[in-house]
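Labels below follow one simple rule: chain letters A, B, ... track the order of the sequence lines, proteins then strands, and each chain is numbered from 1. Values below: all heavy atoms of this structure, side chains included; hydrogens, waters and symmetry mates excluded.
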Protein chains: 2
Amino acid sequence: MKNECIDCDCVLRSSVQMKDCQLELLGGSHAVVKFKRGDTIIRQGVFSTNVIFLRKGMAKVHLSGPSREQIVKLVKAPTYLGLPTTFGDKINQYSVTAVTESEVCFIDIEVFKKLLAENNDFSAFILMELCKSELEAYRRCASRTQKQLRGNLADVLLEFSEHLFESDRFLLPLSQSDIGNWVDAGRESINRALSEFIADGIIRMEGKQVTILDKKLLQLISQNG
Amino acid sequence: MKNECIDCDCVLRSSVQMKDCQLELLGGSHAVVKFKRGDTIIRQGVFSTNVIFLRKGMAKVHLSGPSREQIVKLVKAPTYLGLPTTFGDKINQYSVTAVTESEVCFIDIEVFKKLLAENNDFSAFILMELCKSELEAYRRCASRTQKQLRGNLADVLLEFSEHLFESDRFLLPLSQSDIGNWVDAGRESINRALSEFIADGIIRMEGKQVTILDKKLLQLISQNG
DNA sequence: GGAAAGATGTGACATTTCTCACAAAATAGT
DNA sequence: ACTATTTTGTGAGAAATGTCACATCTTTCC
């Protein structure tokens, strides 16, 4: 098998120096798999022995809450998936589902641990990533719970436009009830708020195709809402 | 200065083997400080170069949200404080405030990084801690946003009783408005719900002294809503 | 190509919680 | 010991969302 890791983003992205032998190790022990939209990449409640690297695509991280499914965040390639759930616990504590066509590598956890132990740069990098995502989790949670519907919906739209697709025009990869599960609202409320945004000329929607017409206003709603 | 680290919980707790020279390093570079209830240990928005180890006491982790202060969690000694905020960003992204008399060590971040690099056990331990707290953050956030007031208040009381004080009788270290900022509710609502719990014979309160009378029922309320 | 499943649009109404207003109690500071 | 400040208790009405009930649309899959 050709060692795909050598030109894989997962290494480039880490901006970490890896010795050839370490790349060998990685290359010899992983499997690249494709997922379709809606496919489960990591399933909550299942025993896990792999860290996953998302090479291409976009995925939602979600877990089952007391009364419904809670979407925690959306992530796009390139990124690691399931670090906390694989290290923190043998059993997956959350699910990850592809929301667009995706491509991932499964990396055996023992190999991953070996790399962490051998390569201090790498382990410092991972540590930093974990710190950042914990901070992000705190911020997002505070923001979600304190803002009301319109503010949260504006955040979601801005998140898509600015971080995930980096464009004012994109195909919404979530259903309205998914968005509800993300921002803690009912499907109907999301629907009504979207209609308002359209009526106010803030966005345009043709099917799943969203165009942001007035980003300034959206940012204002995000702040004040 | 005597090297207090040798018999400090921070080392014991890590269950990590430290070489004598590493302990020296730690012992020679930290400062032990006492804090009173209400004192700020870490202040959001301020430049930081220290990791902090909470030796004794209890503290709240909180950050300023869009419309009010959000309490993220309560922690008790022994534990590290501010790892994410010190590693993830030079500027503190959250505050930590003592809620009981506390004692902490300030550990210079360069020393901490050196230890991480030198001691793989230690760095694996820290990595694991970070993973666990990220998982915990996700779970708590989902729980808080999906449950309603009584359920969340029950959770808070159980958290005090089962994890923080490990007793059915304890001195509530937060004001009612703090509790509100923790579970995303107004101060008045917390007050009313507490009164209900008292009226229902679930708890007793004499001033700040709380006694849990019916833990089973409290757990039921926590589950159902 | 047609049935079944899933996603979206929309109304009416019930609920929960917030907000404002004020009073009483407790705590801290001098 | 006596203010000043913070915390707690309580009512009444407002506001935001949730819930339920249907009527379309769309997509998926035999």
Value in whole Å for how far the C1' atom of D:dT17 lies from CG of A:Asn181: 15 Å
First of A:Arg150 and B:Ser177 reached from the 5' end of DNA chain D, by closest nucleotide: B:Ser177
Separation of atom CD1 in A:Ile179 from atom C1' in C:dA7, rounded to whole Å: 12 Å
Value in whole Å for how far the C1' atom of C:dG9 lies from NZ of A:Lys208: 14 Å
Check: A:Lys34/A:Ser102 side-chain N/O donor and acceptor closer than 3.5 Å: no
Gap between atoms CD and P, on B:Gln176 and C:dT27 respectively (whole Å): 13 Å
Gap between atoms CG and C1', on A:Asp178 and C:dG6 respectively (whole Å): 12 Å
Flag for B:Thr211-B:Arg169: side-chain donor and acceptor within less than 3.5 Å: yes
Nearest-angstrom distance from the residue atom CD of B:Glu196 to P of D:dT8: 18 Å
Nucleotide D:dT27, atom C1' - distance to CG of A:Leu172 in whole Å: 16 Å
A:Lys60 with A:Glu69: basic N within carboxylate O range, under 4.0 Å: no
Protein-nucleotide distance (B:Leu174, atom CG; D:dT6, atom C1'), rounded to Å: 15 Å
No-hydrogen, no-angle side-chain donor-acceptor test under 3.5 Å, B:Gln93 and B:Gln44: no
Chi angles and distances behind the ring pair (Phe, Tyr, Trp, His ring centres under 6.0 Å) call for B:Tyr80, B:Phe112: CA-CA 12 Å; B:Tyr80 286 98; B:Phe112 198 82; 5.6 Å; yes
Single hit among B:Ile42, B:Val32, B:Ile52, B:Val96 for side-chain contact (heavy atoms from CB on, under 4.5 Å) with B:Val104: B:Ile52
Residues from residues 183-193 of chain A lying under 4.0 Å of DNA chain C - heavy atoms: A:Arg187, A:Glu188, A:Asn191, A:Arg192
